[in-house]
Participant: 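Can you read through this structure? Questions will come right after.
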Amino acid sequence: MRASDVPLDAHTFPSVLKACSLLANLDCGSEVHGFAVKCGFDSTVFVVNSLVAMYAKCDRIDEARQLFDRMIDKKDVVSWNSIISAYSANGQSREAINIFREMNKAGVAVNSYTIVGALQACEDPSFVKLGEAIHGVILKADQQLELYVANALLVMYSSCGRIDDALGIFHGINEKDNVSWNSMLSGFIQNELYTEAVEFFHEMCEMSLKIDEVSHVSVLSALGRLGNLSNGMEVHAYAAKRGLVSNLQIANTLMDMYAKCGNVSYMGQVFFNMAYKDFISWTTVIAGNAQNSSYSEALELFRKVQSEGIKVDCMMIGSILLACGGLKSVSHTKQIHNYIIRRGLFDLVLENSLVDVYGECGEINYASQMFETIKNKDVVSWTSMVSSFSCNGLANEALKLSHRMGEAGIELDLVALLSVLSASASLSTLKAGKEVHGLFIRKGFPLERSSASSLIDMYARCGTVENACKIFDYVGNRDIVLYTSMINAYGMHGQGKKAISLFEKMISSGLVPDHITYLALLYSCSHSGLINEGIEFFRTMKSDYQLEPWTEHYACVVDLLGRANCVDDAYNFVKDMPIEPPSVVWCALLGACRVHSNFEIGEIAARKLLELEPQNPGNHVLVSNVFAAMGRWKDVDEVRMRMSSLGLKKKPACSWIEIGNKIHAFRVQDKSHPQSIEIYSKVSQITERLEKEGGYLADTKFVLHNMTEEEKKKMLYGHSERLTIAYALIVTSPGVPIRITKNLRVCGDCHTFTKLVSKFIEREIIVRDANRFHHFKNGRCSCGDFW
DNA sequence: GTAGGGTTAG
């Protein structure tokens, strides 16, 4: 239609503008605005009102506001209502409420449209008080709530987390319509009450209400979050029967449901069958792949998005970054980072994700640079950086950063506290861990689920299994995660019998163990030398609970057989594995060969290990240790040469102890400590005493260098754990247990040395090495000399 | 001129 061809009536404009609004087509809308000006209708109130609504729907709230302001005293109630709902729909609650107040002050009589608009603004929980006040006013004026108003009240309460009030409104509505039912349904979902949502949906079905597209979308999203695949498929079939699968939003939600239920192939089928896909379809399918570890597929889909010119937004990039993190691929991450910069797609979520993903890729410098450039760091930014430090072995930096976070005035939430807790646990710093425990209490976080499990883990890893036990006893509602953490805690400390009886208690309380529970249990058995029990548990996990063992479970059994000096059986077991044995299994076998001096199988395991993971310096060190123990120096040299030709460096050994508020760390042959002279003389003094009283004889086969016996002995005296023990004996009082942490495994000679110290100097010593705890007491160690 | 639905993060 052209303004010049047809004489236009002012009443034509609202309907045309309505069409523009529905299509969110700003170009058309502006053109119509132009016509209106040309025709001189741009001061006709109902035309301007429609223009205001159109601009608001097209995300041009400022243009809408200008038009509204220009009307001055011509505004009618519709004008006020339009601008209020425009601001509400735009999430600008504060502005909507200001105008609502201004309108009241101006003495304009409000109607139900006004109330609905104002209530929408109160969907922001910080304005719920005003919402309540409006509710009160309406109740006074009318006995019976108008349906639109009642529905808006319902939504307002459920958005503010007041599901009971929402239900109250819902039940008070006499003539409920679809919107009432669907709003209630999505209210449950907003408040994470997914089971209730599904029950409510069934109630809707039973009452043979019209289940429309919106109801389908809602219930599918609830089923996805519950991971309820079978019901999800039922709803899918139901929707298909009614021809609703061609609905774009239903198809998108179906994909999300399948992804959240872990079924990528069903998701793919829906995607493939969609006749029309929007960019949310692509985002959903990319996110679904990334969440289900199909990282390369996610990246492949993103390439297609780019080549087909499909719209890309921050959410889509967020999922791509998840895939980059899963692949631990620095190059992909950098590519996406550049893409974000080129397209100007930055938002806080993406910046935070980049910190996280660079951390996961082991690029702590990039993570840190990214973190520093974020202008308005929120608690997620800080937490991402803390976990990046933590998962890259920089737990000390993680703790320091958590203090900076507090100083920056950031309120630590549950996730932040959990990541700080895990940093304290990996450092074994009981003091820091206890501080975080204190924060949990002060901030009023309930001791349950993830917080309780993490605290148990922290106390266990900090060497105080008693405290772990106290937490466990305190928690009333125990799930398998909690039991598993506690079983693991006992296992770490060589208290296998307690682990088993806790497992039995768990079974009798009606809980069903999973793979992780069995892993903790088998690990406990192997670390306590409970060989027959462990092998029996390995059998029952399959027969009683249909759990197909993972490679880690196989590794535990190899370890168990190795302890029983059944190295041949262990090797046969490995050969009979239904899956290709991974490095953990060969590692366990190699350990058995070392202890029982089985050179033949040891050699096979060593070669396999180096073949599978040639880039892991730890494996080379382990293999060269075993060759050294066999006295095969030629092979030791060969492994070392290979290491250096691959550019691999041995991780330097380090041990540390917490004294007062300070962590004292020692490296091999470390002379940097201020009391270094005193420490070395303490080592000689103890060594002499142990030689005399305990018959200690330095076992130089643990020195992996070719040098004279005297030089080798000197090397042993400078081992990091020995320096730490000597320092602890200088600065702590008799009778106080000594708790030491070491980043690698304890060497055999240090193990003997520590046992003797525990007997002749009468000191309990607890050492946490890379694998487990050693409790040295009265000349014995809880590991039974097998580690 | 009013209301309800789908995709991202530590």
Side-chain angles (χ1 to χ4, degrees), chain A residues 14-15 17-18 21 46 49-50 52-54 56-57 76-86 88-89 111-120 123 146-156 158-159 177-187 189-190 212-221 224 247-257 259 278-288 290-291 313-322 325 347-357 359-360 378-388 413-416 418-419:
Chain A
S15 34
L17 285 166
K18 171 82 185 186
S21 299
F46 64 83
N49 288 344
S50 300
V52 168
M54 182 276 294
K57 274 272 159 57
D76 65 2
V77 61
V78 180
S79 323
W80 288 94
N81 293 346
S82 303
I83 197 76
I84 291 172
S85 0
S88 293
N111 61 19
S112 58
Y113 291 82
T114 325
I115 302 299
V116 169
L119 286 174
Q120 272 186 309
E123 285 169 24
E146 219 181 292
L147 185 57
Y148 274 102
V149 173
N151 287 343
L153 272 170
L154 193 168
V155 173
M156 185 273 291
S158 74
S159 305
D177 67 352
N178 265 7
V179 177
S180 323
W181 285 89
N182 286 337
S183 303
M184 199 60 234
L185 180 60
S186 75
I189 295 169
Q190 265 176 28
D212 64 8
E213 288 90 336
V214 178
S215 333
H216 277 88
V217 168
S218 296
V219 76
L220 283 170
S221 121
N247 176 293
L248 183 63
Q249 291 191 67
I250 289 184
N252 286 346
T253 317
L254 272 170
M255 288 198 293
D256 179 54
M257 182 274 291
D278 68 354
F279 82 100
I280 294 184
S281 321
W282 287 89
T283 307
T284 307
V285 77
I286 287 173
Q291 288 157 357
D313 71 351
C314 291
M315 276 193 186
M316 195 186 278
I317 299 292
S319 296
I320 295 298
L321 282 175
L322 187 67
D347 72 354
L348 187 57
V349 174
L350 286 186
E351 291 172 315
N352 291 344
S353 298
L354 276 168
V355 172
D356 196 50
V357 173
E360 278 181 65
D378 67 355
V379 64
V380 180
S381 330
W382 287 87
T383 310
S384 299
M385 197 60 226
V386 168
S387 0
S388 286
D413 66 4
L414 185 62
V415 187
L418 289 176
S419 68

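Since the structure is predicted, the reported quantities are computational estimates derived from the model, not experimental observations. Residue numbering restarts at 1 for every chain, and letters A, B, ... go by the order of the sequence lines.
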Participant: Which part of the nucleic acid does Asp378(A) contact within heavy-atom distance under 4.0 Å: base, sugar-phosphate only, or nothing?
Facilitator: nothing

Participant: At under 4.0 Å, does any side-chain N or O of Lys57(A) touch on OP1 or OP2 of dT2(B)?
Facilitator: no

Participant: Nearest whole angstrom, please: distance from the P of dA9(B) to the CD1 of Ile317(A).
Facilitator: 14 Å

Participant: Under 3.5 Å, is there an N or O donor on one side and an acceptor on the other linking the side chain of Thr383(A) and the base of dG10(B)?
Facilitator: yes

Participant: Output the rounded distance in Å from CG (Leu348(A)) to P (dG10(B)).
Facilitator: 13 Å

Participant: Could you check whether Asp256(A) gets within reach of a base, just the sugar-phosphate, or nothing at all, counting any heavy atom under 4.0 Å?
Facilitator: sugar-phosphate

Participant: Indicate, with a heavy-atom threshold strictly under 4.0 Å, whether Val386(A) touches base, sugar-phosphate, or nothing.
Facilitator: nothing

Participant: Within the pair Gln291(A) and dT8(B), is there a side-chain N or O less than 4.0 Å away from OP1 or OP2?
Facilitator: yes

Participant: Do we count Trp382(A) as stacking onto dG10(B) if the rule is ring centres under 5.5 Å and planes under 30°?
Facilitator: no

Participant: Identify whether any heavy atom of Ser319(A) sits under 4.0 Å from a base atom; if not, whether one sits that close to sugar-phosphate; answer base, sugar-phosphate or nothing.
Facilitator: sugar-phosphate

Participant: Within the structure shown, what part of the strands sits under 4.0 Å from Glu213(A) by heavy-atom distance: base, sugar-phosphate, or nothing?
Facilitator: base

Participant: Mind checking salt bridge (charged side-chain N to carboxylate O under 4.0 Å, His left out) for Asp356(A) and listing every partner two or more places apart, or none if nothing turns up?
Facilitator: none

Participant: By the 4.0 Å heavy-atom rule, please label Thr253(A) as base, sugar-phosphate, or nothing.
Facilitator: sugar-phosphate

Participant: Taking the side chain as C-beta and beyond, is there a heavy-atom pair between Asn178(A) and Val214(A) under 4.5 Å?
Facilitator: no

Participant: Looking at side-chain heavy atoms only, is the closest gap between Gln120(A) and Ser85(A) below 4.5 Å?
Facilitator: yes

Participant: Spell out yes or no: do the side chain of Gln249(A) and the base of dG5(B) have one donor N/O and one acceptor N/O closer than 3.5 Å?
Facilitator: yes

Participant: Do Asn81(A) and Asn49(A) pair up side chain to side chain, a donor and an acceptor below 3.5 Å, judged on atom types alone?
Facilitator: no

Participant: Report yes if the side chains of Lys18(A) and Ser50(A) come closer than 4.5 Å at any heavy-atom pair, otherwise no.
Facilitator: no

Participant: Pick base, sugar-phosphate or nothing for Ser387(A), based on heavy-atom distances below 4.0 Å to the nucleic acid.
Facilitator: sugar-phosphate

Participant: Looking across every strand, which nucleic acid part, if any, lies under 4.0 Å from Thr284(A) by heavy atom: base, sugar-phosphate, or nothing?
Facilitator: sugar-phosphate

Participant: Rounding to an integer number of Å, can you tell me how far Asn352(A) CG sits from dA9(B) P?
Facilitator: 12 Å

Participant: For Asn49(A), answer base if it contacts any base atom (sugar-phosphate contacts may also be present), sugar-phosphate if it contacts only those atoms, and nothing otherwise; contact means non-hydrogen atoms under 4.0 Å.
Facilitator: nothing

